[in-house]
Amino acid sequence: MAQNKINRPITFLRRVIQFISFIFIVFGAYFGIKKQTLNYLPFIEVSKEYGEYKQQLAQEGKTIAIVGPEYPQAFDTYLPIKSCRFLRQTGTFRACFVHFISESIGWATPLRLILPHVLLFLILVVLFGRLWCGWVCPLGFIQDTLNIIRKTLKLRPFFVSGKIRKMFKTLGYILLSSIIVFSVISAIPVFPWSLRKQVYLSVCQMCPSRFIFPYLGGWPIVHNFVPIGYGVFTTISIIFTLLFITSFFMKRSWCRICPSGVLLSFFNRGSLLNKEKDVLKCVRCGVCVNVCPLQNEEIYIAGKNIGLDKKLAKKMINVDFPNCIHCFRCIDCCPEESCLKVKFFGFTIFRS
């Protein structure tokens with residue numbers, strides 16, 4: 001048992017990659033990365049109407065909820081995870097892909113500008129699925145760091161019941177759907193501009209990133225409470241930020257409803273990175289459930305009713321599920337040799 005506690009090679013590798021990714025994404029500009037012009041990834045231009053309105057506000061000394069200098073990030077690229085648009089002085093990438101969706105809808109961006117970014121996103125998620133959440137996302141790294149601090153202080157984590165987990169999952173789908181709906185409203189001229197400007201980029205207005213990343217990057221933003229639309233979104237973002245902070249007690253609390261994570265979950269099972277389980281080697285110890293940061297039970301349950309059918313003895317069943325962030329803690333901690341495997345392009349890269 002002592003060996004099982006200290007032998008965590010995959011987790012150690014993941015921590016190293018998380019740390020490097022965090023520094024590169026959040027503080028990349030400090031390392032001299034200059035603005036890149038990539039012809040195959042065109043810059044998404046602001047709509048004429050919004051541009052004129054922005055100039056008018058500047059002349060009047062006014063602002064709206066989401067406003068500021070143009071994007072200075074090195075790459076006008078949208079990552080599948082939370083690369084925040086408010087990292088204006090230090091950030092490496094323009095924004096997250098959910099921001100791209102909302103922005104493109106709100107600005108009625110031409111299809112020829114959208115498709116290259118969509119293609120890049122599809123390539124990244126088909127290759128790795130939600131590995132981006134478990135290994136690269138800066139918000140995921142911060143949450144894991146909070147969890148490490150809690151463990152160091154020898155405090156117990158908060159157990160999340162199945163009912164609450166299901167509620168979080170539903171809330172995540174509602175959140176992503178509402179972002180798309182608000183984005184459509186912000187783009188349709190039939191709605192009054194007074195409404196459209198309030199729901200513009202609702203994803204950024206509600207995201208806890210607006211409280212976290214600006215202060216990390218040294219560019220705090222104004223949090224408006226009037227008119228009422230700004231106030232509602234700002235209040236929601238405060239609630240989500242408090243939820244994020246509860247990651248100290250509840251592992252990966254924000255990941256349970258994160259719209260970027262929900263979007264990636266649709267591709268998790270079809271990616272070229274997948275997990276497999278040898279049902280006959282599983283002894284139902286429950287370690288995979290206990291170490292999972294999201295308390296997913298699917299790997300433990302998978303194949304439970306198959307029994308000892310000899311025809312299945314040489315068969316591995318796929319255990320990729322939407323909520324899995326591919327942290328591979330289950331692989332690292334499983335006590336049964338080769339019971340769980342991680343494959344990439346069909347080749348085994350990790351095994352229990």
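Source: prediction; values computed, not measured.
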Quick one: [atom1] on [X] to [atom2] on [Y], what's the gap to the nearest 0.5 Å?
X: Ser186; Y: Phe191; atom1: OG; atom2: CZ; result: 10.0 Å
X: Ile114; Y: Leu119; atom1: CD1; atom2: CG; result: 13.5 Å
X: Ile257; Y: Leu171; atom1: CD1; atom2: CG; result: 4.5 Å
X: Gln73; Y: Gln89; atom1: CD; atom2: CD; result: 10.5 Å
X: Ile25; Y: Leu139; atom1: CD1; atom2: CG; result: 10.0 Å
X: Ile236; Y: Leu243; atom1: CD1; atom2: CG; result: 13.0 Å

Taking C-beta and beyond as the side chain, do [X] and [Y] meet within less than 4.5 Å on heavy atoms?
X: Leu146; Y: Phe249; value: no
X: Leu175; Y: Phe240; value: yes
X: Gln295; Y: Arg256; value: yes
X: Gln143; Y: Cys255; value: yes
X: Lys341; Y: Phe350; value: no
X: Gln205; Y: Gln198; value: no
X: Cys330; Y: Val287; value: no
X: Phe121; Y: Leu264; value: yes

Distance-only, no hydrogens or angles: does the Thr77 side chain make a donor-acceptor pair with backbone N or O of Phe93 under 3.5 Å?
->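 Between the backbone of Phe93 and the side chain of Thr77 there is no qualifying donor-acceptor contact (under 3.5 Å).
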Near Phe19 CZ, under 6.0 Å, is it more than 12 heavy atoms from other residues, nucleotides or ligands?
->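 Result for CZ/Phe19: open.
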Near Ile228 CD1, under 6.0 Å, is it more than 12 heavy atoms from other residues, nucleotides or ligands?
->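 Open: at most 12 neighbouring heavy atoms sit under 6.0 Å from CD1 of Ile228.
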May I ask you to check whether Tyr200 and Trp193 show a side-chain donor-acceptor distance below 3.5 Å?
->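 Looking only at side-chain atoms, Trp193 and Tyr200 do not form any donor-acceptor pair under 3.5 Å.
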Does a side chain donor of either Arg94 or Tyr78 reach within less than 3.5 Å of an acceptor in the other side chain?
-> yes
Are Phe97 and Trp132 close enough, and set up right, to give a side chain to side chain contact (heavy atoms under 4.5 Å, CB included), and what steps lead you there?
-> CA-CA 12 Å; Phe97 195 76; Trp132 293 97; over 6 Å; no
Check the angle between the aromatic planes of Phe344 and Phe128 and answer parallel, tilted or perpendicular using the 30° and 60° thresholds.
->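 Parallel.
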Parallel, tilted or perpendicular: which describes the rings of Phe22 and Phe141, with under 30° parallel and over 60° perpendicular?
-> tilted
How would you list all residue pairs meeting salt bridge (Lys or Arg N to Asp or Glu O under 4.0 Å) that involve residues 15-25, not counting sequence neighbours?
->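 Only Arg15-Asp144 qualify under salt bridge (Lys or Arg N to Asp or Glu O under 4.0 Å).
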Any pair with a residue in residues 127-142 that passes salt bridge (Lys or Arg N to Asp or Glu O under 4.0 Å), sequence neighbours left out, goes on the list, sorted by first then second residue, please.
-> none
Answer yes if Tyr173 and Val125 sit in the same cluster of Ile, Leu, Val, Met, Phe, Trp and Tyr residues linked by side chain heavy atoms under 4.5 Å apart, and no otherwise.
->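 The answer is yes; both residues are in one hydrophobic cluster.
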Phe328 and His326: aromatic ring centres closer than 6.0 Å?
-> yes
Ser21/Trp135 under side chain to side chain contact (heavy atoms under 4.5 Å, CB included): CA gap, chis, key distance, verdict = CA-CA 8 Å; Ser21 299; Trp135 291 65; over 6 Å; no
Minimum-distance pair of heavy atoms, taken over all atoms of [X] and [Y]:
X: Lys275; Y: Ile299; value: CE-CD1, 3.5 Å
X: Thr241; Y: Phe211; value: OG1-CD1, 3.3 Å
X: Pro9; Y: Asp332; value: CD-OD1, 3.4 Å
X: Met206; Y: Ser178; value: CE-OG, 4.2 Å
X: Ile188; Y: Arg196; value: O-CD, 3.4 Å
X: Ser83; Y: Leu79; value: CB-CD1, 4.1 Å

